[in-house]
Amino acid sequence: MNMIRSAKNQIAELTAAAYRAAVQEGLLPEGVQTIPAVEIPKDTANGDYTTTFCLAAAKAMKMNPRQVAQTLIDHTTLTGSYFTSVESAGPGFMNFRLGGKWFADTVSGIETAGEKYGENDTLAGRKYMVEFVSANPTGPMHMGNARGGVLGDTLASVLQKSGADVWREFYVNDAGNQIEKFAKSLEARYFQIIKGEDAVEFPEDGYHGDDIRELAQAFYENEGDKYLDCDEKTRHDALAQFGLSVNIPKMKADLARYGIQYDQWFFESSLHDSGYVADTVQALTDRGYTYEKDGALWLKTSDILAAQLRQEGKSDEAIEKLGLKDDVLRRANGFYTYFAADIAYHRNKFAVRGFDKVINIWGADHHGHVARLKGAMDALGLDGQHRLDIVLMQLVKLVRDGETVRMSKRTGKAISLTDLLDEIPVDACRWFFNAKPETQMEFDLGLAVREDSENPVYYVQYAYQATGGVDDSGCLHIGSQTVTDSLTQTQTLNDILVLPPVGGTVTVDVKALNYGSDIKFYYVNFEDGKFTTDGLIDMPVPELSEDRFCTITVPEMAEGTYIGIRGNSVLIDNVTATTAEVTPLPRMKVLKVSDGNPEYVDAASD
């Protein structure tokens, strides 16, 4: 059940019922057909929900909206509803405040739905594609790719939860000018390795990064000077293919580490090799949308966009001021442009693979391309205005201690996605990059790793942990035994979780929230209502699996031993022991840690 929708529907019903009651008493005129509009106020000081019904209806009633609002409030019965109060505000708003019933029903709904909570069938039967990242495979992925990656992946997940058949895709630009520039850059470095750096000039518009030097060196180590004297095309093809064979797997690995998996990596070259680009350009020509000029073939972009603008009500004078321009599809040398390939790619999405809706995640610097691509789809009869959505995201600036960060401390190079994930937990990256994608953001590297109230990720993880190990009775299960009124399965940097007294061999299943997590085990004493630690338990902790799980076996314990667990961003589950006493401990079972050192805790203080 959608509890937000239920609350809004109930307000509409309560307002309508109050209006009918007021009409029966002759306090309001009958016949008003306005449907109550219900919204969530931006400021919770104005209630949890508000309706503008009085503002809309007052004109038809020829009454003051505030008077209408007060009359409706006087006739509103909240007994048995989700709300505890309703009040008039401003020019005639009715503000409602939620009560315990709504929260209780929400929790009950979550419990009933289980893992399916939040799912719905709104988009059932619809095929959606989300294309995102699609970074040039000519170098490392940057912060814009990191932001677009999590935005696209999260959007795809939301669409799936809404019932859509969702396809995640990465478009690999392995053809065209960028790849030729890539090959020329590698060629120059390859020649410099053989002939000496001063003997070969590097192209001014080439890729100057150290990654190009590293690729050229690896190519030379594999092939020697085999490609020194061959024809240029053969050499360029070999260098480009070698570079792509290194870069693309690394991109896949980085994105998988980032929690992103694609259904398909679609290669631009396949569109050229199959003749689909040429076929698409011919389809535009057959529809009368191209012309030749100076040996090149042009798309009538200005005519396509002008027609769309006229439909939207723009005057010819206003359109003229926009300075719309046409686009080259095929150059005079016979090569197709990137735009031609992009049109073919999106035609393939709709006409060949049958997606109902296509969503692209692009950087804001591509905003000028949006209308042109949608217009091209319209020209092909594919309704680009309604079936193609472009989400534009803004740039990212990394900061640390208030200073802009441009270079990796580890590599000394521009920070890549790899560098970022080496420093910041994946969950934190995804959280921060997903925030307000329509605005430029400052990613605070220091804040992202803090484990205190300043870091919102910390609160989300803490809440997840705090609810992870509690059953219906609020108990933690240890093996087949149950310890009542006792423990949570959570611990933070500043807490030690003390297990009930155990004996024999103890095993603990651990899930790390990120790869920077760590866990330590302590011997713990409990005397006179107080806990003290008696040193660390010297024991190996196994490496985490790819899913960040591991099972830890604690050495043989004497009967009745207390064990303390201190973890940094970890979840504890499935604690088992050869024997387990189940005498309930006093309520305070957490030993506080200050500057990494455990302190005494008065068990009766809680």
Side-chain angles (χ1 to χ4, degrees), residues 1-114 116-123 154 158 161-163 434-436 438 453 456 459-460 462-464 466-467:
M1 177 184 292
N2 186 326
M3 293 302 296
I4 293 177
R5 184 184 303 158
S6 295
K8 289 183 174 182
N9 290 343
Q10 192 173 96
I11 288 175
E13 293 167 2
L14 290 169
T15 305
Y19 169 65
R20 290 193 297 271
V23 168
Q24 287 182 349
E25 294 185 18
L27 298 175
L28 293 177
E30 62 180 343
V32 176
Q33 301 297 320
T34 301
I35 298 175
V38 182
E39 303 168 355
I40 298 177
K42 292 181 179 179
D43 185 355
T44 55
N46 296 321
D48 297 302
Y49 292 88
T50 187
T51 177
T52 57
F53 171 79
C54 303
L55 299 175
K59 185 175 182 180
M61 295 179 180
K62 297 181 180 180
M63 295 176 65
N64 186 304
R66 287 186 61 84
Q67 180 185 354
V68 175
Q70 190 57 54
T71 301
L72 291 180
I73 289 172
D74 292 342
H75 290 77
T76 299
T77 302
L78 297 179
T79 304
S81 75
Y82 289 142
F83 305 96
T84 57
S85 67
V86 55
E87 60 209 29
S88 176
F93 295 107
M94 291 174 62
N95 295 340
F96 290 76
R97 298 188 185 278
L98 291 168
K101 178 175 172 52
W102 184 87
F103 293 102
D105 285 2
T106 298
V107 172
S108 177
I110 293 172
E111 185 178 31
T112 300
K116 292 187 176 297
Y117 176 71
E119 293 184 8
N120 62 78
D121 59 358
T122 304
L123 300 177
T154 303
V158 170
K161 289 291 186 178
S162 298
N434 233 347
K436 300 180 180 177
E438 72 281 0
S453 60
Y459 269 115
V460 174
Y462 188 85
Y464 176 73
T467 58

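This chain uses plain numbering: 1 for the first residue, then up along the sequence.
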Assess whether atom [atom1] of [X] is packed by more than 12 heavy atoms of other residues, nucleotides or ligands within 6.0 Å.
X	atom1	value
Ile40	CD1	yes
Glu119	CD	yes
Ile110	CD1	yes

**Item:** Stepwise side-chain contact (heavy atoms from CB on, under 4.5 Å) check, Tyr49 with Val86
**Value:** CA-CA 9 Å; Tyr49 292 88; Val86 55; over 6 Å; no
**Asked** Looking at residues at least two apart in the chain, or sitting in another chain, which of them share a side chain to side chain contact (heavy atoms under 4.5 Å, CB included) with Val107?
**Response** none
Just verifying a value: how many Å separate [X] [atom1] and [Y] [atom2], rounded to the nearest 0.5 Å?
X	Y	atom1	atom2	value
Arg97	Asn46	CZ	CG	7.5 Å
Glu13	Lys8	CD	NZ	14.5 Å
Thr50	Lys42	OG1	NZ	13.5 Å
Trp102	Thr84	CH2	OG1	13.0 Å
Asn9	Ile4	CG	CD1	12.0 Å

**Complete:** Residue pairs meeting side-chain hydrogen bond (donor to acceptor under 3.5 Å, both in side chains), one or both in residues 58-79, sequence neighbours left out, come to Glu25-His75, Gln70-Asp74
Would you name the heavy atoms of [X] and [Y] that are closest together and state the gap between them?
X	Y	result
Met63	Pro29	SD-CD, 3.9 Å
Asp105	Tyr82	OD2-CE2, 3.2 Å
Pro65	Leu55	CB-CD2, 3.8 Å

**Asked** Side chain of Tyr19, backbone of Val32: donor and acceptor closer than 3.5 Å?
**Response** yes
**Message:** Given 3.5 Å as the limit, does a donor-acceptor pair link the side chain of Ser88 with the main chain of Met94, or not?
**Reply:**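 Pair absent, no side-chain N/O of Ser88 close to backbone of Met94.
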**Message:** Exactly one of Ile11, Asn95, Asp48 should register a side chain to side chain contact (heavy atoms under 4.5 Å, CB included) with Phe83. Which one does?
**Reply:** Ile11
**Message:** As a test of understanding, state which of Ile73, Leu72, Thr15 forms a side chain to side chain contact (heavy atoms under 4.5 Å, CB included) with Cys54.
**Reply:**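 Exactly one option meets the side chain to side chain contact (heavy atoms under 4.5 Å, CB included) with Cys54, and it is Leu72.
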**Prompt:** Looking at side-chain heavy atoms only, is the closest gap between Val38 and Phe96 below 4.5 Å?
**Reply:**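 No, every pair of side-chain atoms sits at 4.5 Å or beyond.
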**Request:** List the steps, then state whether side-chain contact (heavy atoms from CB on, under 4.5 Å) holds for Phe93 with Thr51.
**Result:** CA-CA 6 Å; Phe93 295 107; Thr51 177; over 6 Å; no
